[in-house]
Amino acid sequence: MQLTVAEAIAVQEDLRRHVVTTDDTSPAPRYVAGLDVAYDGDEYAAAVVVLEVIRAATVELQEVDRAVVRGRTAFPYVPGLFAFREVPGLVAALERLRVTPELLVCDGQGLAHPRRFGLACHLGVVTGLPSLGVGKTAFVGEWQEPGTARGEASELVLDGEVVGKVLRTQNKTKPVFVSVGHRVSLGTAVERVLELAPRYRLPETTRAADRACRDGLAER
DNA sequence: GCGACAG
DNA sequence: ATCTTGTCGC
């Protein structure tokens, strides 16, 4: 790896100062992106899929753009430094988009991180775009099991501070861990995730990006 | 010191 | 993340 663990932590401590945890005065996003990376040894395929959110009687989600970039891993998976492994490929994919997303839905945590600077915060700060994190499992913090109905949530607390929400996106399914990335409030983040997960546990953005990076890795 | 540890 | 088939349920 080009960066040492100590250097990477220093970068996080520096970049975290730029995180904005409130909503900007813009309407609900029309273009929302899902981002994910798949691996095969030290080879990876990073994907970004942009969905247009059509709000009518029911929310409709249509893919309008996508970009998949392949590359070679330059940083190992280190808990707490996950972003250094995924950001290069994801930023490269974002640069290839024709449609600029108004919200990045990341695979992992945002503020729910030991230094309050998980992947979602990192991607938001380096791109300047609003972002939020949706983790499939917990990383840090304490919480109570939320109610079993879609929409019910409980606070994710770390050192006495609310760093996210444990949110049930579908009845009787395992909850997901939502946290702020950049330029969105926690309440809005939860609202966006529910809107993007009308049918399954994970947001459609996440599902689309997951499929895209797997497919990208498969074609060799 | 021991274990836990996003993907 | 990845290793991996069938199977129960809506």
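In what follows, every chain begins at residue 1, and chains take the letters A, B, ... in the order their sequences are listed. Everything numeric in this text was worked out from a predicted model, so none of it was measured.
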Measure [atom1]/[X] against [atom2]/[N] and give the value in whole Å, please.
X      : N      : atom1 : atom2 : answer
A:R150 : C:dC10 : CZ    : P     : 19 Å
A:L217 : C:dA1  : CG    : P     : 12 Å
A:D210 : C:dT2  : CG    : P     : 8 Å

Before accepting this row, confirm whether a basic side-chain N of the pair A:E102/A:R183 lies closer than 4.0 Å to the acidic partner's carboxylate O.
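Here A:E102 does not pair with A:R183 in a salt bridge, since their nearest N and O are not under 4.0 Å apart.
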Name the stems with DNA chain C in them: runs of three or more consecutive Watson-Crick or G-U pairs, distances under 3.5 Å?
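Stems found: none.
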So what does A:R199 hit on the nucleic acid, given a heavy-atom distance under 4.0 Å: a base, only sugar-phosphate, or nothing?
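Counting heavy atoms under 4.0 Å across all strands, no contact is made by A:R199.
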Verify, without hydrogens or angle tests, whether [X] (side chain) and [Y] (backbone) share a donor-acceptor contact under 3.5 angstrom.
X      : Y      : answer
A:S185 : A:D23  : no
A:R201 : A:K174 : yes
A:R98  : A:R96  : yes
A:T169 : A:L202 : no
A:R85  : A:F75  : yes

What pairs of nitrogen or oxygen atoms, one from the protein and one from nucleotides 5-7 of chain B, lie under 3.5 Å apart?
from  : atom 1 : to     : atom 2 : distance (Å)
B:dA6 : OP2    : A:Y77  : OH     : 2.6
B:dA6 : N7     : A:G80  : N      : 3.4
B:dA6 : N6     : A:G80  : O      : 3.3
B:dA6 : N6     : A:F82  : N      : 3.2
B:dA6 : N1     : A:L119 : N      : 3.2
B:dA6 : N3     : A:Q109 : N      : 3.1
B:dG7 : OP1    : A:K136 : N      : 2.8
B:dG7 : OP2    : A:T137 : OG1    : 2.8

Side chain to side chain donor-acceptor pair (under 3.5 Å) partner of A:R16, the single match among A:Q12, A:H18, A:E13
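Single side chain to side chain donor-acceptor pair (under 3.5 Å) partner of A:R16 among A:Q12, A:H18, A:E13: A:E13.
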For the pair A:F117 and A:H122, name the ring-plane relationship: parallel under 30°, tilted 30 to 60°, perpendicular over 60°.
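Tilted: the ring planes of A:F117 and A:H122 meet at 30° to 60°.
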